[in-house]
Amino acid sequence: MGFDPDIAQMRFGYGLSPVVPGPASADEMVAQLRGPDAITQRFGIPTSGAMNPKVRALYLAQRAYKRAERGSKDRHDLRATYRKALKAARVESAGWVRQALLRRIWSEDGLRERLVAFWADHFTAPGQSTFYRYAAASYVETAIRSHVAARFEDMLIAAVTHPQMLQYLDQNRSVGPNSRFAKKRQNGAGLNENLAREVLELHTLGVHGSYTQKDVREFAELLTGLTAGTGQDTRYDSKRIEPGAETVMGHTYGTRRARISDIHAALRDLARHPETARHLAQKIARHFLGDQPDAGLVMELEIRYRETDGDLGAVVEAMLRHEAAWHARAEGGGNFKQPEQFVSSALRALAVPEARFLRMDAKTFDRLILSPLRHMGQPWRRPFGPDGFAEEDAHWLSPQGMGARLQWALATPAAVAADLPDPREFIGAALGAEAPAVVHFAAKAAENRREGIALVLMSPAFQRV
């Protein structure tokens with residue numbers, strides 16, 4: 001079996017749409033991915049450069065009120081100012097979630113949107129403070145989105161050295177034990193291995209990689225000096241660096257005066273390591289094709305990664321060219337949708353109007369979208385650890401999660417769609433020409449449109465891709 005236009009959108013995008021055309025070939029999918037990112041012009045999300053002044057202003061507003069004298073009128077006024085700014089920041093953040101969802105609903109390049117979500121989860125950094133949660137969307141826009149069809153090493157450097165990641169994995173607290181900073185301040189300042197360990201274990205070589213604790217420690221020492229203030233760009237602070245050369249996975253860095261280019265060189269070497277190629281090939285295949293992807297396809301992705309020094313666009317193209325990528329679900333293809341994908345594909349199938357979506361106030365948006373995602377077990381881009389959300393189907397098939405999906409399918413479509421479609425017609429919009437007969441029967445037998453739409457959305461055919 002070769003290219004299938006319905007599978008192209010359902011498996012490699014955010015599903016079918018009754019109004020947005022899908023790609024006509026694998027060639028078109030590759031061309032879209034390699035071409036201009038047009039949908040960002042329609043639904044904008046700020047980059048880190050645009051966000052930094054806003055984050056900094058919010059941080060300074062909090063600091064001003066906390067430093068004011070307790071009980072004073074100044075403190076009361078400054079606290080009110082900060083709370084007003086914080087409320088506006090939360091509303092603005094929710095607006096960027098809407099923009100991201102609207103991209104998924106209206107983009108003709110669904111593959112790019114899926115890849116952005118995949119790599120944002122791979123390099124998860126949701127933020128541990130109010131300020132960094134505010135900046136999370138701009139981190140994805142800056143460090144992830146622009147690199148999904150580029151070389152992996154470029155994305156790795158952009159994500160690992162981004163202020164969002166430095167804060168999330170405590171790199172801002174990491175100081176070389178023999179650095180000038182540590183010698184001057186006898187206050188427990190020391191080395192933090194979090195970022196080094198996660199780069200090796202999660203981002204590159206994988207949990208079964210051949211690195212040792214010595215590699216982790218020396219890599220952590222090499223990373224010292226990377227730091228960023230709240231709402232500021234990353235800088236390389238020579239006072240914090242651990243003196244001397246460091247050896248990571250057999251390569252030595254920093255033999256001369258320490259430079260940030262040594263860190264970049266180490267990250268590029270890790271990105272090109274054969275174990276990274278194997279780890280990423282397996283992870284990409286599992287994400288798009290199921291818990292047990294075709295071994296030949298995985299091997300092809302690994303080979304392509306190594307041949308191109310980690311060209312992610314070439315790896316994705318290799319996946320789309322492989323026959324196993326187009327197997328029907330009955331032949332072993334497909335994957336169970338994670339909650340975020342389920343909600344996004346339902347909104348796309350309903351062709352939720354842009355204006356209707358944007359008119360929702362923050363409370364309504366939380367009630368209809370964000371809160372249900374939390375109940376389904378996948379709060380928007382906030383995994384419970386640095387390893388991101390689980391890929392295994394079994395993780396998402398809990399009674400609580402499925403119950404939350406059913407409640408959402410019954411309540412939300414009527415609240416967001418311009419008009420609920422006839423369920424018998426909606427089957428084609430949501431599932432394409434090969435929709436199972438049992439779904440057609442259920443839609444015809446539904447007592448009303450609300451229940452009919454819910455039956456289609458909760459059908460195994462819609463839940464799996």
Side-chain angles (χ1 to χ4, degrees), residues 122-123 125 128 132 139 143 151-230 232-280 309-310 386-387:
H122 182 78
F123 288 108
Q128 298 184 24
Y132 285 93
Y139 157 71
R151 292 187 304 172
F152 177 70
E153 60 194 63
D154 296 328
M155 185 190 294
L156 179 66
I157 291 171
V160 169
T161 64
H162 194 281
Q164 191 81 9
M165 187 68 76
L166 302 185
Q167 186 270 346
Y168 179 59
L169 292 177
D170 302 314
Q171 182 62 30
N172 285 332
R173 302 178 184 178
S174 188
V175 176
N178 299 300
S179 66
R180 284 183 285 157
F181 184 96
K183 290 179 178 180
K184 185 176 181 180
R185 297 192 182 186
Q186 302 297 323
N187 62 350
L191 191 67
N192 188 297
E193 297 180 353
N194 286 358
L195 180 59
R197 187 177 305 280
E198 305 306 1
V199 169
L200 294 171
E201 181 176 307
L202 300 178
H203 301 154
T204 58
L205 308 177
V207 68
H208 300 299
S210 59
Y211 61 90
T212 66
Q213 174 55 32
K214 184 175 183 293
D215 290 311
V216 173
R217 178 163 183 93
E218 297 216 16
F219 189 29
E221 290 176 349
L222 181 66
L223 291 172
T224 53
L226 283 179
T227 188
T230 304
Q232 297 179 329
D233 292 333
T234 298
R235 60 191 176 89
Y236 190 59
D237 188 346
S238 61
K239 298 189 297 296
R240 293 170 171 257
I241 62 172
E242 178 67 8
E246 312 292 348
T247 301
V248 183
M249 299 297 293
H251 295 270
T252 301
Y253 309 92
T255 54
R256 294 179 290 175
R257 182 179 179 182
R259 299 166 299 176
I260 194 171
S261 59
D262 294 315
I263 295 174
H264 292 177
L267 291 171
R268 292 190 190 280
D269 286 340
L270 287 171
R272 298 187 185 194
H273 197 283
E275 291 179 7
T276 299
R278 187 173 306 116
H279 172 56
L280 295 182
D309 288 331
D387 53 346

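One is the number of the first residue; the rest follow in order along the sequence. All values below were derived from every heavy atom in this structure, side-chain atoms included, with hydrogens, water molecules and symmetry-related copies excluded.
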Which heavy atom of [X] sits nearest to which heavy atom of [Y], and what is that distance?
| X | Y | value |
| --- | --- | --- |
| Leu169 | Leu195 | CD1-CD1, 3.7 Å |
| Tyr236 | Leu226 | CD1-N, 4.1 Å |
| Ser179 | Glu242 | N-OE1, 4.0 Å |
| Ala220 | Leu191 | O-CD1, 3.6 Å |
| Lys183 | Asn178 | CE-O, 3.5 Å |
| Val199 | Leu270 | CG1-CD1, 4.1 Å |

Between [X] (side chain) and [Y] (backbone), is there a donor-acceptor pair under 3.5 Å?
| X | Y | result |
| --- | --- | --- |
| Glu218 | Glu246 | no |
| Glu153 | Ala271 | no |
| Asp215 | Thr212 | yes |
| Arg240 | Asn172 | yes |

Calculate, to the nearest 0.5 Å, the distance between atoms [atom1] and [atom2] belonging to [X] and [Y] respectively.
| X | Y | atom1 | atom2 | value |
| --- | --- | --- | --- | --- |
| Thr252 | Asp262 | OG1 | CG | 11.0 Å |
| Ile157 | Leu267 | CD1 | CG | 5.5 Å |
| Gln167 | Thr230 | CD | OG1 | 7.5 Å |
| Asp387 | His122 | CG | NE2 | 11.5 Å |
| His279 | Leu202 | NE2 | CG | 7.0 Å |
| Thr204 | Leu280 | OG1 | CG | 8.0 Å |

Evaluate the criterion side chain to side chain donor-acceptor pair (under 3.5 Å) for residue pair Arg180 and Ser238; output intermediate values, then yes/no.
-> CA-CA 8 Å; Arg180 284 183 285 157; Ser238 61; 3.1 Å; yes
Tell me yes or no: between the side chains of Gln171 and Asn194, is some donor less than 3.5 Å from an acceptor?
-> no
How are the rings of Phe152 and Phe123 set relative to one another: parallel (under 30°), tilted (30 to 60°) or perpendicular (over 60°)?
-> parallel
Could you tell me whether the side chain of Arg278 reaches within less than 4.5 Å of the side chain of His208, counting heavy atoms only?
-> no
If we only count heavy atoms from C-beta on, is the His273 to His251 side-chain gap below 4.5 Å?
->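 No, too far: nothing below the 4.5 Å cut-off.
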Under the salt bridge (charged side-chain N to carboxylate O under 4.0 Å, His left out) test, residues paired with Glu201 that sit two or more places apart | none
Could you walk me through whether Leu222 and Ile263 pass side-chain contact (heavy atoms from CB on, under 4.5 Å), step by step?
-> CA-CA 7 Å; Leu222 181 66; Ile263 295 174; 4.1 Å; yes
Would you sort out whether Tyr132 and Leu166 count as a side-chain contact (heavy atoms from CB on, under 4.5 Å), showing the intermediate values?
-> CA-CA 11 Å; Tyr132 285 93; Leu166 302 185; over 6 Å; no
Audit row: Met165, His203, side-chain contact (heavy atoms from CB on, under 4.5 Å) steps and yes/no = CA-CA 12 Å; Met165 187 68 76; His203 301 154; 4.0 Å; yes
Carefully, step by step, assess Thr227 and Arg235 under the rule side-chain contact (heavy atoms from CB on, under 4.5 Å).
-> CA-CA 6 Å; Thr227 188; Arg235 60 191 176 89; 3.8 Å; yes
